[in-house]
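Nothing here was measured: the structure is a model prediction, and the numbers come from that model. So that the names make sense, note that chain A is the first sequence line, chain B the second, and so on, each numbered from 1.
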There are 2 protein chains.
Amino acid sequence: MSITTKEKAVKQIIAVFREYGYEGTSLSLLSKATGLGRSSLYHHFPKGKEDMAAAALEAVLVSFDTMVFTPLRQKKQTPFQRLNTCAKGLSLFYANGERSCLINIFSVGAAGKLFQVPLEESTLAMINMFSNLAKEAGIPGKIARHRAEELVISIQGALVLSRTLHSKSLFNRLVKELPGRFLEVD
Amino acid sequence: MSITTKEKAVKQIIAVFREYGYEGTSLSLLSKATGLGRSSLYHHFPKGKEDMAAAALEAVLVSFDTMVFTPLRQKKQTPFQRLNTCAKGLSLFYANGERSCLINIFSVGAAGKLFQVPLEESTLAMINMFSNLAKEAGIPGKIARHRAEELVISIQGALVLSRTLHSKSLFNRLVKELPGRFLEVD
DNA sequence: GTCTATATAGGGATAGAC
DNA sequence: GTCTATCCCTATATAGAC
């Protein structure tokens, strides 16, 4: 299997874990989604489901960094401009709130213990990225961090409500209001 | 089994579902937690796991109504006073953020489809309760609803972060700041 | 690298004794 | 109302042919 074929497989795997959760995902579902037999999956992911979940989480975090964090690092742009691009990245990454966040999905049950460290680290990374941007925009450190924490809380919460209400409107509004509100001085 | 004994069993069942999710919860776990054999569980919950999850969700929603909504209905108190008691109820109900919200936990995979209607209804009920309180406090309808939506988003998000960061601090801060911020005029 | 076949365990669920 | 015993199914995982 070529590297790009594997990347495609991982994309399908991510979609399954997002929808069914770690425990709700079976090798049969993964086999169907990837088009590979169960045994073929073990060839690529020796530890089976655990390895696939790890690969899914890693790929998701890389993708998140590219789509959401990279804009925040464009030092030639103003913080507001960066936040605007970042917000667009968020909409794309979460498909306007229709996709669940693996950090939330994997934080429950057996997966929560398996991936405890990367889940905690990636949550902190999100907070730090936004906090640093706020500081660059001249917001005092303590307030910057406070705001970053609230933003990450809002993103996770909006994704939960998108799922229960079957509506993208709250997530879309959050993203729309994000750039203006995050950097406002009060 | 007496009614209070069954209530105790349901409490244990709730704890298991909260920790392991719907799919991650097995009859063995439920048997161990309740102290009842698998077959005894079927005597009380004929449809097995699905019935137990339904009972857990129903009990949780009743308990939430008692601890969180009831304070909001005390018309003799000011909205601020009610919100203060409500906030204390939230802390108790979620054990300072250490307990997950079943609405989030059950919104994934098979349970998400099984309980789609009650999950959506209870999320809307939360929004409506807070929205009505804001209106009573003189906040215009549209803004009131907007704020209520953001509050429910914050609660769900803070619970997610409490789980991934293994820290109660963000949830506790949210609850602490809640009464003052929810009704503030800007 | 993918397949078929299979091993083994655990899942949910039921029947019937007590 | 609780138990033991049992059934069937699906789950994960492995061995080995191609």
Engineer: Does a sphere of radius 6.0 Å around CD in Glu58(A) hold more than 12 heavy atoms from other residues, nucleotides or ligands, not counting ones at 6.0 Å or beyond?
Structural biologist: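 At most 12 heavy atoms, drawn from other residues, nucleotides or ligands, come within 6.0 Å of this atom.
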Engineer: One character per nucleotide, please: for nucleotides 3-10 of chain D, 5' to 3', B when the base has a protein heavy atom closer than 4.0 Å, S when only the sugar-phosphate does, - otherwise.
Structural biologist: BBB-----
Engineer: Only one of Leu159(A), Val160(A), Thr164(A) clears side chain to side chain contact (heavy atoms under 4.5 Å, CB included) with Asn104(B); which?
Structural biologist: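 In the set Leu159(A), Val160(A), Thr164(A), the residue that makes a side chain to side chain contact (heavy atoms under 4.5 Å, CB included) with Asn104(B) is Val160(A).
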Engineer: Specify the separation, in whole Å, of atom CG of Leu30(B) and atom C1' of dG12(C).
Structural biologist: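 Interatomic distance, CG of Leu30(B) to C1' of dG12(C): 12 Å.
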Engineer: Rounding to a whole Å, what distance do you find between Phe45(A):CZ and dT2(C):C1'?
Structural biologist: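 Distance, rounded to whole Å: 15 Å.
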Engineer: Take atom CG of Leu29(B) and atom P of dG12(C), then tell me their distance rounded to the nearest Å.
Structural biologist: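 Those two atoms, CG and P, are 9 Å apart.
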Engineer: Looking at every strand, decide which applies to Thr25(A) at a 4.0 Å heavy-atom threshold: base, sugar-phosphate, or nothing.
Structural biologist: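 It contacts sugar-phosphate atoms only.
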Engineer: Between dC18(C) atom P and His43(B) atom NE2, what is the distance in whole Å?
Structural biologist: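 Going from NE2 in His43(B) over to P in dC18(C) covers 19 Å.
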Engineer: Any Lys/Arg nitrogen of Glu136(B) or Arg73(B) sitting under 4.0 Å from an Asp/Glu carboxylate oxygen of the other?
Structural biologist: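 The answer is no: the pair does not qualify as a salt bridge.
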Engineer: Is it the case that Arg18(B) places NZ or CZ above or below the six-membered ring of Phe93(B), under 6.0 angstrom from the centre and within 45 degrees of the axis?
Structural biologist: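 Checked: cation-pi criterion met.
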Engineer: In whole angstrom, give the distance that lies between atom CG of Leu27(A) and atom P of dA9(C).
Structural biologist: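 Taking atom P of dA9(C) as the reference, CG of Leu27(A) is at 18 Å.
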Engineer: Using whole Å, report how far OH of Tyr42(A) lies from C1' of dA13(D).
Structural biologist: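 Checked: the OH to C1' distance equals 4 Å.
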Engineer: Using atom NZ of Lys49(A) as one end and atom P of dA11(D) as the other, report the distance to the nearest whole Å.
Structural biologist: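 Interatomic distance, NZ of Lys49(A) to P of dA11(D): 9 Å.
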Engineer: Centre of Phe45(A)'s six-membered ring, under 6.0 Å away, within 45 degrees of the axis: is that where NZ or CZ of Lys6(A) sits?
Structural biologist: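 Relative to the ring axis of Phe45(A), which defines the angle, Lys6(A) lies inside both limits.
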Engineer: Quick one: which of dG1(C), dT12(D), dG1(D) gets closest to the side chain of His44(A)?
Structural biologist: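 Output: dG1(C).
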Engineer: To the nearest angstrom, how far is Asp51(A) atom CG from dT12(D) atom P?
Structural biologist: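 Asp51(A) atom CG is separated from dT12(D) atom P by 14 Å.
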Engineer: What residue pairs, at least two apart or across chains, pass side-chain hydrogen bond (donor to acceptor under 3.5 Å, both in side chains) with a residue in residues 83-101 of chain B?
Structural biologist: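 Passing the test, one end in residues 83-101 of chain B: Ser100(B)-Arg163(B).
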